[in-house]
Peer 1: 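Input: one structure, supplied below.
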There are 2 protein chains.
Amino acid sequence: MKNNISQLRKKHSMTQKELADLLKVSRQTIISLERGKYNPSILLAYQISKLFNKTIEEVFVFEEESN
Amino acid sequence: MKNNISQLRKKHSMTQKELADLLKVSRQTIISLERGKYNPSILLAYQISKLFNKTIEEVFVFEEESN
DNA sequence: TCAAAAAGTAAAGTTAACTTTACATTAATC
DNA sequence: GATTAATGTAAAGTTAACTTTACTTTTTGA
């Protein structure tokens with residue numbers, strides 16, 4: 001599962017710390033999400049999407065590339 | 001957070017066990033999700049939505065009722 | 001109405017999301 | 001090129017998602 005958090009964050013001129021504080025999660029959580037270390041909970045996914053005025057499906061890309 | 005899993009499942013004439021098997025989770029997970037005992041991971045939320053040809057936002061209702 | 005299928009409860013265990021801390025690397029700026 | 005902000009790594013700890021098992025209650029239909 002991929003996501004566009006990093007691009008969206010930069011588009012909004014935010015640092016990882018600022019985003020983490022807004023979402024009330026740790027900076028480590030943002031780093032790990034952006035780097036694809038783990039998948040967010042549905043609640044965090046929703047909060048991130050809402051913050052950037054996107055749907056969950058617009059921020060998180062579930063489909064595997066076709067083989 | 002609310003969800004429409006129970007209605008969607010019944011609309012598709014499935015038992016909890018059938019849905020659990022299709023999603024490759026335990027029956028207990030389906031029961032707990034339908035009863036709102038806990039929130040699904042984003043991956044499970046996606047799989048459920050996809051199964052019913054819905055978006056995550058159509059199956060899972062995040063907004064609180066207005067007060 | 002009784003037997004079986006479906007749905008539900010409870011509780012202990014595992015795993016993965018998320019935190020916390022501490023330190024290393026990269027980018028930006030003076 | 002030294003300093004500082006921003007980003008990244010690592011690792012141990014907590015919490016919540018999910019599993020497993022075992023048993024109870026409700027629904028269904030022969």
Side-chain angles (χ1 to χ4, degrees):
Chain A
M1 207 207 54
K2 294 178 178 177
N3 69 69
N4 308 317
I5 298 173
S6 179
Q7 299 98 285
L8 286 165
R9 176 175 63 77
K10 284 167 188 164
K11 189 179 285 182
H12 288 250
S13 307
M14 297 169 70
T15 67
Q16 291 176 334
K17 176 158 199 323
E18 287 168 343
L19 179 57
D21 289 348
L22 267 174
L23 295 168
K24 292 177 180 162
V25 294
S26 69
R27 186 172 66 88
Q28 195 50 237
T29 293
I30 301 302
I31 290 172
S32 299
L33 288 178
E34 288 190 358
R35 304 237 117 210
K37 292 288 179 63
Y38 53 68
N39 300 126
S41 67
I42 192 176
L43 286 178
L44 181 52
Y46 172 69
Q47 289 166 29
I48 293 170
S49 304
K50 196 178 168 192
L51 185 65
F52 294 130
N53 289 306
K54 302 280 181 187
T55 65
I56 291 179
E57 282 84 355
E58 285 171 328
V59 179
F60 299 90
V61 183
F62 300 93
E63 304 292 357
E64 300 302 302
E65 287 82 59
S66 59
N67 298 320
Chain B
M1 206 206 56
K2 294 176 177 177
N3 68 69
N4 308 317
I5 298 173
S6 180
Q7 299 98 284
L8 285 165
R9 177 175 62 77
K10 285 167 187 163
K11 188 178 284 181
H12 289 250
S13 306
M14 297 169 71
T15 67
Q16 291 176 334
K17 177 161 199 322
E18 287 168 343
L19 179 56
D21 289 347
L22 267 174
L23 296 167
K24 291 178 181 162
V25 295
S26 69
R27 187 172 64 89
Q28 196 51 238
T29 294
I30 301 302
I31 291 172
S32 299
L33 288 178
E34 288 190 359
R35 304 237 116 209
K37 293 288 179 63
Y38 53 67
N39 301 127
S41 67
I42 193 176
L43 286 177
L44 181 52
Y46 172 70
Q47 289 167 28
I48 292 170
S49 306
K50 194 178 169 193
L51 185 65
F52 294 129
N53 288 304
K54 302 279 181 189
T55 65
I56 291 179
E57 282 84 356
E58 285 171 328
V59 178
F60 298 90
V61 184
F62 300 93
E63 304 293 356
E64 300 302 303
E65 287 81 58
S66 60
N67 299 319

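In what follows, every chain begins at residue 1, and chains take the letters A, B, ... in the order their sequences are listed. Since we're looking at a predicted model, the values are computed, not measured.
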Peer 1: Tell me, please, which residues at least two apart from B:Gln7 pass side chain to side chain contact (heavy atoms under 4.5 Å, CB included).
Peer 2: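 With neighbours one apart ignored, the set is B:Asn4.
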Peer 1: Carefully, step by step, assess A:Thr29 and A:Ser26 under the rule side chain to side chain donor-acceptor pair (under 3.5 Å).
Peer 2: CA-CA 5 Å; A:Thr29 293; A:Ser26 69; 3.0 Å; yes
Peer 1: Could you list the donor-acceptor pairs under 3.5 angstrom formed between side-chain atoms of residues 15-25 of chain B and any protein atom two or more places apart in sequence or on another chain?
Peer 2:
from, atom 1, to, atom 2, distance (Å)
B:Thr15, OG1, B:Lys17, N, 3.4
B:Thr15, OG1, B:Glu18, N, 3.0
B:Gln16, NE2, B:Glu34, OE1, 3.2
B:Lys17, NZ, B:Asp21, OD2, 2.8
B:Glu18, OE1, B:Thr15, N, 2.9

Peer 1: Expected output is a numbered-order residue list: members of residues 26-38 of chain A with a heavy atom under 4.0 Å from any atom of DNA chain D. What is it?
Peer 2: A:Arg27, A:Gln28, A:Ile31, A:Arg35, A:Lys37
Peer 1: Using the test side-chain hydrogen bond (donor to acceptor under 3.5 Å, both in side chains), find all partners of B:Lys37 that sit at least two apart in sequence or belong to another chain.
Peer 2: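 side-chain hydrogen bond (donor to acceptor under 3.5 Å, both in side chains) check on B:Lys37 returns nothing, list empty.
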Peer 1: B:Lys10: which residues meet the side-chain hydrogen bond (donor to acceptor under 3.5 Å, both in side chains) condition with it, sequence neighbours left out?
Peer 2: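 Testing B:Lys10 for side-chain hydrogen bond (donor to acceptor under 3.5 Å, both in side chains), a comparison that skips the adjacent residues, returns B:Ser6.
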Peer 1: Just grab all the ring pair (Phe, Tyr, Trp, His ring centres under 6.0 Å) pairs involving residues 22-44 of chain A, residues at least two apart or on different chains.
Peer 2: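 Pairs touching residues 22-44 of chain A that pass the test: none.
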Peer 1: So how far off straight is the helix from C:dT1-D:dA30 to C:dC30-D:dG1, going by the axes through five pairs at either end, to 10°?
Peer 2: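 The angle separating the two end axes equals 50°.
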Peer 1: Determine all donor-acceptor pairs shorter than 3.5 Å in which one atom belongs to a side chain in residues 40-54 of chain B; sequence neighbours excluded.
Peer 2:
from, atom 1, to, atom 2, distance (Å)
B:Ser41, OG, B:Leu44, N, 3.1
B:Tyr46, OH, A:Glu63, OE2, 2.5
B:Ser49, OG, B:Ala45, O, 2.8

Peer 1: State the CZ-CG distance between A:Phe60 and A:Leu33, to the nearest 0.5 angstrom.
Peer 2: 6.5 Å
Peer 1: If only side-chain N and O atoms of A:Arg9 are considered, is one of them under 4.0 Å from the OP1 or OP2 phosphate oxygen of D:dT7?
Peer 2: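 For D:dT7, OP1 or OP2 has a side-chain N or O of A:Arg9 closer than 4.0 Å.
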Peer 1: Tell me which of B:Thr15 and A:Ile42 sits closer to the 5' end of DNA chain C, going by the nucleotide each one is nearest to.
Peer 2: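 Nearest-nucleotide comparison on DNA chain C picks B:Thr15.
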Peer 1: Start with the C-alpha gap between B:Thr55 and A:Thr55, add the side-chain angles, then the distance that decides, and say whether side chain to side chain contact (heavy atoms under 4.5 Å, CB included) holds.
Peer 2: CA-CA 9 Å; B:Thr55 65; A:Thr55 65; over 6 Å; no
Peer 1: Could you tell me the separation between the CD1 atom of B:Ile31 and the CD atom of B:Gln28, rounded to the nearest 0.5 Å?
Peer 2: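 Separation between the atoms: 4.5 Å.
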Peer 1: With nearest nucleotides of DNA chain C determined for B:Lys17 and B:Ser41 from heavy-atom distances, which residue corresponds to the more 5′ nucleotide?
Peer 2: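 Result: B:Lys17.
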Peer 1: From the 5' end of DNA chain C to its 3' end, which nucleotides mark the outer limits of contact with chain B, defined by a 4.0 Å heavy-atom distance cut-off (strictly under)?
Peer 2: C:dA6 to C:dA10
Peer 1: If you find the nucleotide of DNA chain D closest to B:Lys24 and the one closest to A:Glu18, which residue's nucleotide is nearer the 5' end?
Peer 2: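 Taking each residue's closest nucleotide, the earlier one in sequence belongs to A:Glu18.
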